[in-house]
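Worksheet: one structure, shown below.
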Amino acid sequence: MTEEFLRSSARVAEWIASYRQRMEDFPVLARVEPGETAARLPASPPEAGEGIDEILADLDRIIVPGLTHWNHPGFLAYFSSSSTDPGVLAEFISAALNVNAMLWRTSPAATELEERMVEWIRQFVRLPPAFQGVIQDTASSSSFTALVAARERAVPGVRHRGLVGGEGLEACTLYLSDEAHSSLDKAAMAAGLGLDNVHRVGCDGYFRLDPARLEKALEEDLERGCRPVMVCATIGTTSSTSVDPVAQVAEICRRYGVWLHVDAAYAGPAASLTEKEAEFAGWERADSIVLNPHKWLVTPIDCSVLLYRDPEAFSASLALTPEYLQSHDDAGNLMDIGLAMGRRFRALKLWFVFRSYGAQGLRRMLRRHMELADVFAGWLQEDERFELAAPVPFSTVCFRGNHPTRGTADGLNRRLLDAVNSRGPVFLSATELAGRYTLRLAVGSAHVTEQAVRRAYDLLSEEYDKIRVQDWDAGQG
């Protein structure tokens with residue numbers, strides 16, 4: 001058994017190393033049709049076991065061709081989720097240990113390592129010692145957990161009687177900007193607030209939540225008899241990476257007694273940089289904050305850190321320990337903060353990443369990513385064919401191609417994105433800003449290079465010129 005495991009693990013390690021070395025040989029986007037991968041898989045499980053060589057052969061033949069390669073240097077579409085050697089090794093060990101850190105007793109070391117890794121994150125992003133927290137799977141889970149805690153504070157006892165159990169209970173409301181992530185809408189659905197009670201507050205010309213409109217919405221809802229539960233401000237929105245004026249929002253929340261949640265899932269690690277202090281001004285006044293090391297801190301997915309000031313507010317909302325899990329020696333049960341009872345050993349990979357890179361190395365990487373984004377933005381600004389569509393506070397650039405004819409710029413940009421992505425070496429994404437179809441280039445992978453960013457610009461230029469010629473030939477000029 002041991003000899004076979006050593007041989008198999010060596011083969012797997014060789015496969016991983018080979019895959020990572022030949023990453024640039026693959027097109028970033030999978031080139032398969034829906035159902036193509038499934039058609040290559042047997043309809044029923046094998047009766048007899050198979051060896052690692054056969055399994056790895058089919059991994060290459062069936063699975064890899066159907067993957068979008070998130071670790072590819074040219075993956076510039078969404079906020080990156082890239083894995084590095086330390087994270088991969090930690091996941092390997094975590095699977096071997098196979099611990100469940102739901103109670104302190106079920107895994108004391110995993111529990112206490114998670115607590116310490118949250119403390120390391122807190123220090124890394126320079127938040128005050130008042131914050132503690134847990135590691136969840138994604139920001140969706142972290143924000144949902146925060147909303148449930150805020151709901152319990154706004155409506156004491158709701159965990160027992162529910163939102164419909166109290167006769168005459170007014171509508172419970174949640175406030176977000178127009179640019180906030182849709183996971184907050186899903187959280188409102190799951191927490192029983194309902195989408196009708198999610199108030200999307202308008203933004204200014206830079207896609208930032210407008211404090212005046214927020215305050216007006218709160219006043220109007222209070223006059224209607226609503227009960228405000230939470231305001232979510234975002235530092236680094238998904239579409240444009242805009243930064244809400246958190247300090248002003250925090251003051252409004254203080255005056256109205258409303259829970260403030262800050263979504264910094266993408267941009268949170270940048271708080272470690274002194275030159276980015278302005279973007280994070282006021283976030284230390286939040287009741288809860290989420291940031292994702294699996295987005296911009298080269299930790300394999302999934303790893304989302306939920307930070308909060310008042311642990312009692314969280315345990316009051318979701319803590320529930322049945323008799324079969326009761327123990328007199330539990331120093332702290334992580335399952336009390338969140339919906340899941342079973343908990344993966346996520347802290348291990350964060351520990352490996354911090355130990356391998358060091359805080360200094362991680363800060364250096366963040367600065368490098370922002371430098372590459374600024375370089376790309378500079379190329380666009382010097383090129384009359386393109387325009388920036390939003391400020392660039394971090395490492396994501398939103399831009400558009402300018403249509404040289406009477407055609408629609410939205411149509412041109414859709415064609416431009418499809419043409420660039422079909423080429424293979426890079427993958428970009430799109431969004432809508434101020435009603436305009438907008439392209440995005442997000443730098444954040446551990447494997448990104450200046451050559452990959454330059455390749456993206458060159459392909460955009462080439463495809464833009466092709467479209468321009470096609471339009472003129474078609475008589476659109």
Considering non-hydrogen atoms only, spot the tightest contact between [X] and [Y] and give its length.
{"X": "Ser315", "Y": "Arg159", "answer": "O-NH1, 3.6 Å"}
{"X": "Val453", "Y": "Val443", "answer": "CG2-CG2, 4.3 Å"}
{"X": "Ser445", "Y": "His369", "answer": "O-NE2, 2.9 Å"}
{"X": "Ala286", "Y": "Phe131", "answer": "O-CZ, 3.5 Å"}
{"X": "Ser240", "Y": "Thr237", "answer": "OG-OG1, 3.3 Å"}
{"X": "Ala233", "Y": "Val246", "answer": "CB-CG2, 4.1 Å"}

Next on the checklist: Assess the residue pair Ser81 and His294 against the criterion (side chain to side chain donor-acceptor pair (under 3.5 Å)); give the C-alpha distance rounded to whole Å, side-chain angles, the decisive distance to 0.1 Å, and a yes or no.
Outcome noted: CA-CA 5 Å; Ser81 177; His294 71 233; 5.6 Å; no
If we only count heavy atoms from C-beta on, is the [X] to [Y] side-chain gap below 4.5 Å?
{"X": "Leu460", "Y": "Leu439", "result": "yes"}
{"X": "Gln136", "Y": "Phe144", "result": "no"}
{"X": "Ile121", "Y": "Phe354", "result": "yes"}
{"X": "Arg400", "Y": "Leu416", "result": "no"}
{"X": "Phe314", "Y": "Leu306", "result": "yes"}
{"X": "Phe75", "Y": "Thr68", "result": "yes"}
{"X": "Tyr175", "Y": "Ile252", "result": "no"}
{"X": "Pro293", "Y": "Val305", "result": "yes"}

Any ion pair linking [Y] and [X] (charged N to carboxylate O, less than 4.0 Å)?
{"X": "Glu114", "Y": "Arg344", "answer": "no"}
{"X": "Asp85", "Y": "Arg20", "answer": "yes"}
{"X": "Arg116", "Y": "Glu119", "answer": "no"}
{"X": "Arg7", "Y": "Glu3", "answer": "no"}
{"X": "Arg31", "Y": "Glu36", "answer": "no"}
{"X": "Glu251", "Y": "Arg285", "answer": "yes"}
{"X": "Glu24", "Y": "Arg455", "answer": "no"}

Checklist outcome for this item: With sequence neighbours left out, the residues meeting ring pair (Phe, Tyr, Trp, His ring centres under 6.0 Å) with Phe376 are Phe399
Is a side-chain donor or acceptor of [X] paired with a backbone partner of [Y] at a separation under 3.5 angstrom?
{"X": "Ser140", "Y": "Thr138", "answer": "no"}
{"X": "Thr106", "Y": "Asn100", "answer": "yes"}
{"X": "Ser107", "Y": "Ala101", "answer": "no"}
{"X": "Asp58", "Y": "Ile62", "answer": "no"}
{"X": "Asp244", "Y": "Arg208", "answer": "no"}
{"X": "Asp287", "Y": "Asp310", "answer": "no"}
{"X": "Arg309", "Y": "Glu284", "answer": "yes"}
{"X": "Ser82", "Y": "Ala446", "answer": "yes"}
{"X": "Asn292", "Y": "Ser304", "answer": "no"}
{"X": "Thr438", "Y": "Arg436", "answer": "yes"}

Checklist entry - Looking at the rings of Trp120 and Tyr357, which for Trp means the six-membered one, are their centres under 6.0 Å apart? => result no
Do [X] and [Y] have a side chain donor and acceptor closer than 3.5 Å?
{"X": "His181", "Y": "Ser183", "value": "yes"}
{"X": "Ser429", "Y": "Arg440", "value": "yes"}
{"X": "Asp383", "Y": "Tyr457", "value": "yes"}

Flag if over 12 foreign heavy atoms under 6.0 Å of [atom1], [X]:
{"X": "Arg22", "atom1": "CZ", "result": "yes"}
{"X": "Phe92", "atom1": "CZ", "result": "no"}
{"X": "Glu432", "atom1": "CD", "result": "yes"}
{"X": "Glu275", "atom1": "CD", "result": "yes"}

Checklist entry - Think Arg363 forms a cation-pi with Phe124, using NZ or CZ under 6.0 Å from the six-ring centre and within 45 degrees of its axis? => result no
Item to check | Pi-cation contact, Trp379 with Arg454 (under 6.0 Å, within 45°) | outcome: yes
As an exercise, state the distance from [atom1] of [X] to [atom2] of [Y], rounded to the nearest 0.5 Å.
{"X": "Arg343", "Y": "Leu334", "atom1": "CZ", "atom2": "CG", "answer": "4.5 Å"}
{"X": "Asp302", "Y": "Lys295", "atom1": "CG", "atom2": "NZ", "answer": "11.0 Å"}
{"X": "Asn421", "Y": "Leu76", "atom1": "CG", "atom2": "CG", "answer": "10.0 Å"}
{"X": "Ser18", "Y": "Asp60", "atom1": "OG", "atom2": "CG", "answer": "7.5 Å"}
{"X": "Arg364", "Y": "Leu366", "atom1": "CZ", "atom2": "CG", "answer": "11.0 Å"}
{"X": "Thr299", "Y": "Phe352", "atom1": "OG1", "atom2": "CZ", "answer": "12.5 Å"}

Next on the checklist: Glu54: which residues meet the salt bridge (Lys or Arg N to Asp or Glu O under 4.0 Å) condition with it, sequence neighbours left out?
Outcome noted: none
Item to check | side chain to side chain donor-acceptor pair (under 3.5 Å) between Ser461 and Arg385, intermediate numbers included | outcome: CA-CA 8 Å; Ser461 300; Arg385 295 171 297 183; 3.2 Å; yes
Please report, to 0.1 Å, the donor-acceptor pairs under 3.5 Å made by any side chain of residues 264-271, with sequence neighbours excluded.
from	atom 1	to	atom 2	distance (Å)
Tyr266	OH	Ser395	N	3.0
Tyr266	OH	Ser395	OG	2.8
Tyr266	OH	Thr396	OG1	3.4

Item to check | Aromatic plane relationship, His69 with Phe26 - under 30° parallel, 30 to 60° tilted, over 60° perpendicular | outcome: parallel
Next on the checklist: Working note: Arg346 + Met117, criterion side-chain contact (heavy atoms from CB on, under 4.5 Å); need CA distance, chi angles, decisive distance, verdict.
Outcome noted: CA-CA 10 Å; Arg346 298 183 181 95; Met117 289 305 98; over 6 Å; no
Checklist outcome for this item: The single option from Leu209, Thr234, Ile235 that satisfies side-chain contact (heavy atoms from CB on, under 4.5 Å) with Val243 is Ile235
Item to check | Worked verdict on Thr238 versus Tyr78 for side-chain contact (heavy atoms from CB on, under 4.5 Å) | outcome: CA-CA 9 Å; Thr238 301; Tyr78 312 113; over 6 Å; no
